[in-house]
Amino acid sequence: MLPSRGATYAVLLLCHAARLAARRDVADWVRAARTHGAFVAAATDLTNPAEHLLAVRLAEQAETILLAPPLNGIASIADGATLRHVARVLLTADPPAWLPIAVSSQEVARQYIPTADLRALEWLDPDLDDMLVSVWRAVSRPRDTEVRKRIGDAAEAVVLAALRADGRHPTHVAAISDAFGYDIELAGPPRLRIEVKGCSANSRGTFHLSRNEYDKSRLHSAEWLLTQVVFANGAFVAPHLGPANIIGIFEISAGEIASAVPPDTARFAWTDSAVITPSPEAWRPASYAVANVILPGLGVCGSNGSVSLSPHLLRHHRM
């Protein structure tokens, strides 16, 4: 639930009602909030915000309704400072899916925020950008990992579909184990071991590489290559992904990656992963074209937080 002005005011009424007296259940809680909110509350949806507070653990249904600490001590006066505090709590407890894409540690790219969401939040201006950056800092690590996995899963699906449309028969080894050090295998000839990365138009040419992936690139040498699927910026807010959302598929060899990585020495050794930016000239377009693949949008995830690649969500057609 986005903290629009109406939703935020509803939460404030609910908090006030919960502190005034014990509320047995949601119906009793909503009824009390509506009574204390007078005529303004009559035009405000209170049931959905109440259920949302329970869902995101900002309230708990025990013998009575109990508020979580972030909401328990807020003032009952609906002034600007109090409403902004409630909005910040709501955003932190349930960050929107676009937060890792639109927000960084220093700035907000509003073009990546869906129009309807931005309109719902504009009442927080001129503090909106600062608030979003603050929320990003509070939740960025787990959310960033989740979104990165969604992008990676979508990129793998794009490459699998493109290879099949090209008449090849790829094996998705990443679905078996991460230990392979690559995501897709082609029996050949030539035999290929393909590590797939996804990125936006703004971050193309740069990628995270794990130590295991790098070691396997050295082991398999000419058989190993890295493929980067470049998504158009609009893909990160689109409800579905199709060919129009994909700028292209590009490749770089294991040898080119090795030339961009400094060797381990007595004074330097990388461990888990590294961010690598090879020379732009090292990249080449893939030998196969983007297929007519329709995927869930990058904000759509399954129960494990990743993009679902089940047959009814991933539809592949030859171009």
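None of the values given here were measured: they were computed from a predicted structure.
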Taking atom CZ of Arg204 and atom OG1 of Thr277, what is their separation to the nearest 0.5 Å?
13.5 Å
State whether the side chain of Trp224 and the backbone N or O of Gly181 hold a donor-acceptor pair below 3.5 Å, judged by distance alone.
yes
Counting only heavy atoms not in Asp178 (residues, nucleotides, ligands), do more than 12 fall under 6.0 Å from its CG?
no
Reported CH2-to-CD1 distance for the pair Trp98 and Ile113, which is rounded to 0.5 angstrom:
4.0 Å
Counting N and O atoms only, with roles assigned by atom type, does the side chain of Asp153 sit under 3.5 Å from a partner on the main chain of Arg150, one being a donor and the other an acceptor?
no
Whether the Arg218 and Tyr214 side chains hold a donor-acceptor pair (N or O, under 3.5 Å, no angle test) is what I'd like checked.
yes
Just how far is it from atom NZ of Lys216 to atom OG of Ser210, taken to the nearest 0.5 Å?
8.5 Å
Spacing of CG belonging to Leu46 relative to OH belonging to Tyr9, to within rounding of 0.5 Å:
9.0 Å
Does a salt bridge link Arg284 with Glu256, judged by any charged N lying under 4.0 Å from a carboxylate O?
no
Testing the 3.5 Å rule here: is there a donor-acceptor pair between the side chains of Ser200 and Ser203?
yes
Once you round to the nearest 0.5 Å, how far does CG of Leu118 lie from CD of Gln111?
10.5 Å
With side-chain contact (heavy atoms from CB on, under 4.5 Å) as the test, pick out the partner of Thr8 among Leu83, Leu2, Thr82.
Leu83
Atom CZ of residue position Arg119 - does it have more than 12 heavy atoms of other residues, nucleotides or ligands inside 6.0 Å?
no
Got a second to check how far Ile184's CD1 is from Glu195's CD, nearest 0.5 Å?
9.0 Å
I'd like to check the salt bridge (Lys or Arg N to Asp or Glu O under 4.0 Å) partners of Asp127; sequence neighbours left out, ordered by chain and number.
Arg84
Going through the distances and angles, do Leu53 and Leu71 end up as a side-chain contact (heavy atoms from CB on, under 4.5 Å)?
CA-CA 10 Å; Leu53 293 182; Leu71 292 179; 3.9 Å; yes
For Thr64, the side chain to side chain contact (heavy atoms under 4.5 Å, CB included) test, sequence neighbours excluded, returns Ala22, Leu66
